[in-house]
S.K.: 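One structure, pasted below without further comment.
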Number of protein chains: 2
Amino acid sequence: MVDVVISGTVALDSIRTPFGEVREVLGGSAVYSSVAASGFARPGIVSVIGKDFPRKYLSFLKTMGIDTAGIEVKKGDTFRWAGYYEYDMNQAHTLDTKLNVLAEFDPLLPEAYREAGFLFLANTDPEVQMKVHGQMKKPRFVMMDTMNFWIENKKDALTKMIEKVDALVLNDAEARQYWDTPNLVHAGRSFLKMGPSVVIIKKGEHGALMFTDGACFSAPAYPLERLVDPTGAGDSFAGGFIGWLARTGDLSPRNMRKAVIFGSAIASYNAEGFSLDRLKKITRDDIFNRYMMFQDIVSF
Amino acid sequence: MVDVVISGTVALDSIRTPFGEVREVLGGSAVYSSVAASGFARPGIVSVIGKDFPRKYLSFLKTMGIDTAGIEVKKGDTFRWAGYYEYDMNQAHTLDTKLNVLAEFDPLLPEAYREAGFLFLANTDPEVQMKVHGQMKKPRFVMMDTMNFWIENKKDALTKMIEKVDALVLNDAEARQYWDTPNLVHAGRSFLKMGPSVVIIKKGEHGALMFTDGACFSAPAYPLERLVDPTGAGDSFAGGFIGWLARTGDLSPRNMRKAVIFGSAIASYNAEGFSLDRLKKITRDDIFNRYMMFQDIVSF
């Protein structure tokens, strides 16, 4: 039984950072978030790959307890992203994006997915997100992410999508861009007025802010002295967050705060290695240990 | 009896922000930090002003319980700073700096100051900071701030000064600049190795990080939807921090964390008005109320 449906990209990434370089490794928003969620729940991916997609990567996802029935295999090549990070790893530089089979992705959810209680619409075209959402029966909790490209090019469709979800998660630059304001508190509260009851603004090395009705929660980032590769940190965060909610079934503001910390803990592990190298090795104990470290980092 | 000696600038500021404009108002690092510290302790300022300095501002400092015996009055004009903030108020733009009497400031501490237990060397020339430090008898706790100009132009003198203090407080860009690293955790821990047992990196809207032996404390910024003028926020933070330590006399890591939150609370009030407009009106109750709000903002 799938309990968290995650739609987004499955990608082959080529990445260079000051700590090394990898080529055509497993990546993509749906991959990072479902691997992160798999620590707590049973995710099912909705995405598309090409005939060239390495079989070992599909096997890997299955061994993590992820349902891959919703990954359509189409004629053509898999989506690819190539980029690099300079010394300041807060900023990704894109070298090349090849949409390939993703260009005409028309999502079709397996029957077994449609009853799931939790849905995460990871970053993709808001029209694709809408199609995925429309196929779900009656999810208890729907969360979405987005990116600057859709704010610039499909703001109307994006706005319609935001109005439908329970939770919006996006990064600080995107939140500022959508509302044309430098003030994140203003941006966060403005999103709440559109419909979502939860808005999470990711701030990279500065942690995350979560806005709910009348309250603001601030979570630090885990103080990492050595980031190896930040790719997928935001998606790991979101996956860990929704995975914890699905596991506990508790949508109280208090439990959402815990979910933010679990998401942050998992995201911090993710940045310690390339691709899924680090995430695939962490245990639930590792996650809980880091959760306790967060408690220490903020307590006064 | 002065219990916190604060050396730094006393200035006449002219500031424009999207919310208004003020001309020749009271400002300067020693002013903001001593007004902030006055909520908890009795500060004494070490600085210099010109004959043109408005008498009403001196009276104001005295009504806040601040000792002004260490403010030398010299022939000439008072230090002036003119600047503006655009829509993004994280970034101050300097229009004009007139050092005036500050250019040849040779600090001389009143006898009554030299026995004080707490010393804050707010941002000034590190050679001036060293002279102030040298005149103190045996302070229990010495903290210093600095800025990019001294890192660029007097790094050796600055380094000698850092090696002598208990605590270093500076902003994120300065910490990165000193160590030529984008990683604040690395920068913070590197400063600890130089001598200070406490390093606080101020991150503006993202709060502050405090590094002590083996531990990292992350404090959020208070989520303000409307900043009127951020000038002096960093100095208010530092003043509130050392004021709390002086009041309690407790230098344990636990109490330092509380001091960071008190400093953050006072700094957040400061940004709600121009000059000292807001700080001069807040009560100790206001400070404690916001302290409790911080507790809520981070708890999970």
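The model shown is predicted, which means the values in this text are computed figures rather than measured ones. In what follows, chains are A, B, ... by sequence order, proteins preceding strands, each numbered from 1.
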S.K.: For the atom pair CD (B:E225) and OG (A:S190), what is the distance rounded to the nearest 0.5 Å?
M.R.: 6.5 Å

S.K.: Among the options A:M89, A:K258, A:R176, pick out the one with the most heavy-atom pairs lying under 4.5 Å from chain B.
M.R.: A:R176

S.K.: Identify which of A:A187, A:G188, A:P253, A:P223 forms the greatest number of heavy-atom pairs closer than 4.5 Å to chain B.
M.R.: A:P223

S.K.: Is the shortest side-chain heavy-atom distance between B:S299 and A:R254 below 4.5 Å?
M.R.: yes

S.K.: Between A:R226 and chain B, with a heavy-atom cut-off of 4.5 Å, which part of the residue counts as in contact: side chain, backbone, both or neither?
M.R.: backbone

S.K.: Heavy-atom distances under 4.5 Å only: say whether B:F294 touches chain A with side chain, backbone, both or neither.
M.R.: both

S.K.: Can you confirm whether more than 12 heavy atoms, excluding those of A:M293, are under 6.0 Å from its CE atom?
M.R.: no

S.K.: Centroid separation under 6.0 Å, is that true for the rings of A:F262 and B:F300?
M.R.: no

S.K.: For the residue pair B:T181 and A:Y87, establish whether any side-chain heavy-atom pair is separated by less than 4.5 Å.
M.R.: yes

S.K.: Which region of B:L209, side chain (C-beta onward) or backbone (N, CA, C, O), has a non-hydrogen atom less than 4.5 Å from a non-hydrogen atom of chain A, or is it both or neither?
M.R.: neither

S.K.: Does A:K155, at its NZ atom, have more than 12 non-hydrogen atoms belonging to other residues, nucleotides or ligands within less than 6.0 Å?
M.R.: yes

S.K.: Just wondering, are more than 12 heavy atoms of other shown residues or ligands nearer than 6.0 Å to CG in A:D296?
M.R.: yes

S.K.: Where does B:I297 contact chain A at under 4.5 Å (heavy atoms): side chain, backbone, both or neither?
M.R.: both

S.K.: Tell me, for B:Y222 versus chain A, whether the close heavy atoms (under 4.5 Å) come from the side chain, the backbone, both or neither.
M.R.: neither

S.K.: Please report the closest heavy-atom contact between B:K203 and A:H206, naming both atoms and the distance.
M.R.: NZ-ND1, 3.1 Å

S.K.: Taking side chain as everything from C-beta outward and backbone as N, CA, C, O, which of these in B:N255 sits under 4.5 Å from a heavy atom of chain A? Side chain, backbone, both or neither.
M.R.: neither

S.K.: Tell me, side chain or backbone of A:Q295 under 4.5 Å from chain B's heavy atoms, or both, or neither?
M.R.: both

S.K.: Is any side-chain heavy atom of A:V185 closer than 4.5 Å to one of B:L224?
M.R.: no

